[in-house]
Participant: 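Below you will find the structure I want to go over with you.
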Amino acid sequence: QVQLVESGGGLVQPGGSLRLSCAASGSIFSINGMGWYRQAPGKERELVATITRSGNTNYSDSVKGRFTISRDNAKNTCYLQMNSLKLEDTAVYYCRGQIQRTLREYAMYYWGKGTLVTVSS
């Protein structure tokens, strides 16, 4: 089985910073794209940032310039550095990975269970 586990969430004041981590474990042959998504109360899940295996990144307009996504392929881990946090960044943040379990299988998307980020004064 494959697991994605997020960590690093918590309570932070507006203007503060947090760094989220997403560690993939289990039967993994390779990991293609990875990404962070978030879901605020009463809203749909939305894309925050994605990164390809080679390091190409994409950000939503709402976080561009404030958040940075990165990954360590050797550790099967993805990170999200969040700076200049705003009240509207409050949400559960989910990690998603496109993971190929064996050479013979197609890559599939896996989700973590999420980590809560609360921005409040």
Participant: Nearest 0.5 Å please: distance from the OG atom of Ser30 over to the CZ atom of Arg53.
Facilitator: 6.0 Å
Participant: Any side-chain heavy-atom pair from Ile51 and Tyr59 closer than 4.5 angstrom?
Facilitator: no
Participant: Applying side chain to side chain contact (heavy atoms under 4.5 Å, CB included), can you list everything that pairs with Val117, at least two apart in sequence or on another chain?
Facilitator: Leu18, Leu20, Met82, Tyr93, Val119
Participant: Might you point out which heavy atoms bring Arg66 and Asp89 nearest each other, and give the distance in Å?
Facilitator: NH1-OD2, 2.8 Å
Participant: Are any of the side-chain heavy atoms of Cys78 and Ile69 separated by less than 4.5 Å?
Facilitator: yes
Participant: Would you find more than 12 non-hydrogen atoms of other residues, nucleotides or ligands less than 6.0 Å from Gln81 atom CD?
Facilitator: yes
Participant: Side chain of Glu105, backbone of Gln100: donor and acceptor closer than 3.5 Å?
Facilitator: no
Participant: Do the non-hydrogen side-chain atoms of Tyr110 and Gln1 ever get within less than 4.5 Å of each other?
Facilitator: no
Participant: When you compare the side chain of Ile31 with that of Asn73, does any pair of heavy atoms fall below 4.5 Å?
Facilitator: no
Participant: Can you hop from Val5 to Val92 via hydrophobic side chains spaced under 4.5 Å?
Facilitator: no
Participant: Working to the nearest 0.5 Å, report the span between CG of Leu80 and CZ of Arg71.
Facilitator: 14.0 Å
Participant: Checking salt bridge (charged side-chain N to carboxylate O under 4.0 Å, His left out) for the pair Glu46/Arg38: CA distance, chi angles, key distance, verdict?
Facilitator: CA-CA 5 Å; Glu46 63 175 1; Arg38 67 185 181 186; 2.7 Å; yes
Participant: Assess the residue pair Trp36 and Phe67 against the criterion (ring-ring contact (aromatic ring centres under 6.0 Å, His included)); give the C-alpha distance rounded to whole Å, side-chain angles, the decisive distance to 0.1 Å, and a yes or no.
Facilitator: CA-CA 11 Å; Trp36 289 94; Phe67 291 10; over 10 Å; no
Participant: Supply the atom-to-atom distance Thr68 OG1 to Asn83 CG, rounded to the nearest 0.5 angstrom.
Facilitator: 6.5 Å
Participant: Using every non-hydrogen atom in the two residues, find where Cys95 and Met34 come nearest and quote the distance to one decimal.
Facilitator: SG-CE, 4.2 Å
Participant: Got a second to check how far Leu11's CG is from Leu116's CG, nearest 0.5 Å?
Facilitator: 9.0 Å
Participant: Quick one: do Asp61 and Lys64 satisfy salt bridge (charged side-chain N to carboxylate O under 4.0 Å, His left out)? Show the steps, please.
Facilitator: CA-CA 5 Å; Asp61 288 341; Lys64 201 171 294 183; 3.2 Å; yes
Participant: What is the minimum heavy-atom distance between Ala107 and Asn32, and which atoms define it?
Facilitator: CB-ND2, 3.6 Å
Participant: What's the separation between atom OG in Ser120 and atom CG in Leu85, rounded to the nearest 0.5 Å?
Facilitator: 12.0 Å
Participant: Under the side chain to side chain contact (heavy atoms under 4.5 Å, CB included) criterion, do Gln98 and Tyr109 qualify, and how do the steps go?
Facilitator: CA-CA 4 Å; Gln98 189 181 24; Tyr109 287 109; 3.7 Å; yes
Participant: Leu4 and Ile99: side chain to side chain contact (heavy atoms under 4.5 Å, CB included), yes or no, with the steps?
Facilitator: CA-CA 10 Å; Leu4 293 175; Ile99 298 172; 4.1 Å; yes
Participant: Should Ser25 and Asn76 count as side-chain neighbours, where that means a heavy-atom distance under 4.5 Å?
Facilitator: no
Participant: Could you tell me whether the side chain of Gln39 and the main chain of Ala91 form a donor-acceptor pair under 3.5 Å?
Facilitator: no
Participant: Can you list everything that forms a side chain to side chain contact (heavy atoms under 4.5 Å, CB included) with Ala23? Sequence neighbours excluded, please.
Facilitator: Thr77
Participant: Taking a hydrophobic cluster as the set of Ile, Leu, Val, Met, Phe, Trp and Tyr residues connected by side-chain heavy atoms closer than 4.5 Å, whether directly or through intermediates, do Ile28 and Met108 fall within one such cluster?
Facilitator: yes
Participant: Verify side chain to side chain contact (heavy atoms under 4.5 Å, CB included) between Val12 and Ser17, making sure each step is shown before the conclusion.
Facilitator: CA-CA 7 Å; Val12 63; Ser17 298; over 6 Å; no
Participant: Could you please spell out the steps behind the side chain to side chain contact (heavy atoms under 4.5 Å, CB included) verdict for Asp72 and Tyr79?
Facilitator: CA-CA 8 Å; Asp72 185 332; Tyr79 306 96; 4.2 Å; yes
